[in-house]
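Heads up: the structure comes next, in structure tokens.
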There are 2 protein chains.
Amino acid sequence: MDQLRETLKVHHLRTTTCREDVLSTFINRKNALSHGDLEGELGENYDRVTIYRTLKTFLEKGIIHKVLDDEGLRYALCSHSCSEEKHQHDHIHFKCSACGETNCLENLHIPAVQLPEGYHPEHFNLLIQGVCPKCN
Amino acid sequence: MDQLRETLKVHHLRTTTCREDVLSTFINRKNALSHGDLEGELGENYDRVTIYRTLKTFLEKGIIHKVLDDEGLRYALCSHSCSEEKHQHDHIHFKCSACGETNCLENLHIPAVQLPEGYHPEHFNLLIQGVCPKCN
DNA sequence: TCGAACTTGCAACGGGGTTGCAGAATATTT
DNA sequence: AAATATTCTGCAACCCCGTTGCAAGTTCGA
């Protein structure tokens, strides 16, 4: 409760009920969420546009990060504190083809890759699709 | 010219000018293309819907594969012959933040990852974003 | 408690992608 | 070469995603 406000404060955001609710949904659900997921959960309380704007703000401030997907964008909490200046993510995302959930495997780092001469990598995004332990 | 028809035939597709044009655009442009790219190139000749359907058909038949991106789906040619039954891709995709082009690095394989107990991986998708040799 | 700054809801819009259907083109059979 | 079955295309319509402008409401610091 207070922790939500604290998180928002750290990132220089005003505390509003929408932001608190979106943030707590991410914390409770644990997996990566799409705008649609949030609208399903909170849509009766807030306008779609407000949810879009909340996601955009959280992204910019480093509270959440994008998760690539073959059927639409999702978002997940940044575990280590990212900031407005710098997002740092090198963990793997796993999407289950059975239950459809996408999760961050925080402990698994993306292996280093030796790129050819001239390539200057900045961000890495590895999505593995398959069956997760729950659906096994 | 004849090669286009041949490719379509191999995949049990009728030869139509739209399919020939889309296929030859992929071959000429070399990089990953979005529907919008194709519409820009061929939009005066064909309806948007036809281009969508062509992409979908090519996907199903194993002529092209999806390329994930943080700002929308793209497609690229399958180099090794994929089929309706099986798509097999383990190469890396590189997106240049300067010119915006996304390319397949066919020679670079995605390194193996040791997943925790219970995970059964099926497909891998690694996108690296940064600056490409051309924009260096 | 007041005002400046920020946030929200509403309306509207553009783009992405899909579906149904009728007409056109392709392949096949004779 | 013509007829037929099959497939493909264009059009219209539709829904979902995401954004923008603006007026009204809320937050927070002085």
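All values reported here derive from a predicted model rather than from experimental measurement. Labels below follow one simple rule: chain letters A, B, ... track the order of the sequence lines, proteins then strands, and each chain is numbered from 1.
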[N] [atom2] sits how many Å from [X] [atom1], rounded?
X	N	atom1	atom2	result
A:Glu39	D:dG18	CD	P	10 Å
A:Leu33	D:dC17	CG	C1'	17 Å
A:Glu60	D:dT19	CD	P	10 Å

| query | What do you reckon, is CD of B:Glu122 surrounded by more than 12 foreign heavy atoms closer than 6.0 Å? | reply |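 Yes, enclosed.
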| request: For residues B:Asp70 and A:Lys66, report the shortest heavy-atom separation together with the two atoms involved. | output: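 Reported closest heavy-atom pair: O-NZ, 3.5 Å.
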| task | With a 4.0 angstrom cut-off to heavy atoms of chain B, pull out the first and last contacting nucleotide of DNA chain C, in 5'-to-3' order. | result |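 Contacts span C:dG16 to C:dA27, reading 5' to 3'.
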| message | The test is side chain to side chain contact (heavy atoms under 4.5 Å, CB included); show your working for B:Arg48 and B:Glu39 and say whether it passes. | response | CA-CA 7 Å; B:Arg48 340 172 0 255; B:Glu39 201 180 346; 3.4 Å; yes
| Mind checking whether A:Tyr52 and A:His35 have parallel, tilted or perpendicular rings, split at 30° and 60°? |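 Rings of A:Tyr52 and A:His35: parallel, as their planes differ by under 30°.
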| task | Anything under 30° is parallel, anything over 60° is perpendicular, the rest tilted; go ahead and classify A:His65 against A:His91. | result |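 Perpendicular: the ring planes of A:His65 and A:His91 meet at over 60°.
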| message | Regarding B:Lys9, tell me which of base, sugar-phosphate or nothing describes its non-hydrogen contacts under 4.0 Å with the strands shown. | response |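 No contact.
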| field | Centroid separation A:Phe94 to B:Tyr119 less than 6.0 Å | value |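 Ring centroids of A:Phe94 and B:Tyr119 are less than 6.0 Å from each other.
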| Short N-O contact, A:Glu101 and A:Lys95, less than 4.0 angstrom |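 No salt bridge links A:Glu101 with A:Lys95.
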| query | Counting only side-chain N and O atoms of A:Thr15, is one of them less than 4.0 Å from OP1 or OP2 of D:dC28? | reply |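 So the side chain of A:Thr15 is within the cut-off, an N or O lying under 4.0 Å from OP1 or OP2 of D:dC28.
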| said: Tell me whether B:Asn125 contacts the main-chain N or O of A:Leu127 through its side chain, where contact means a donor paired with an acceptor under 3.5 Å. | reply: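 Judged by distance alone, no pair lies under 3.5 Å.
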| task | Go along nucleotides 5-13 of chain D 5' to 3' and tag each nucleotide: B for a protein heavy atom under 4.0 Å from its base, S when only backbone or sugar atoms are that close, - otherwise. | result | -BBSBBBB-
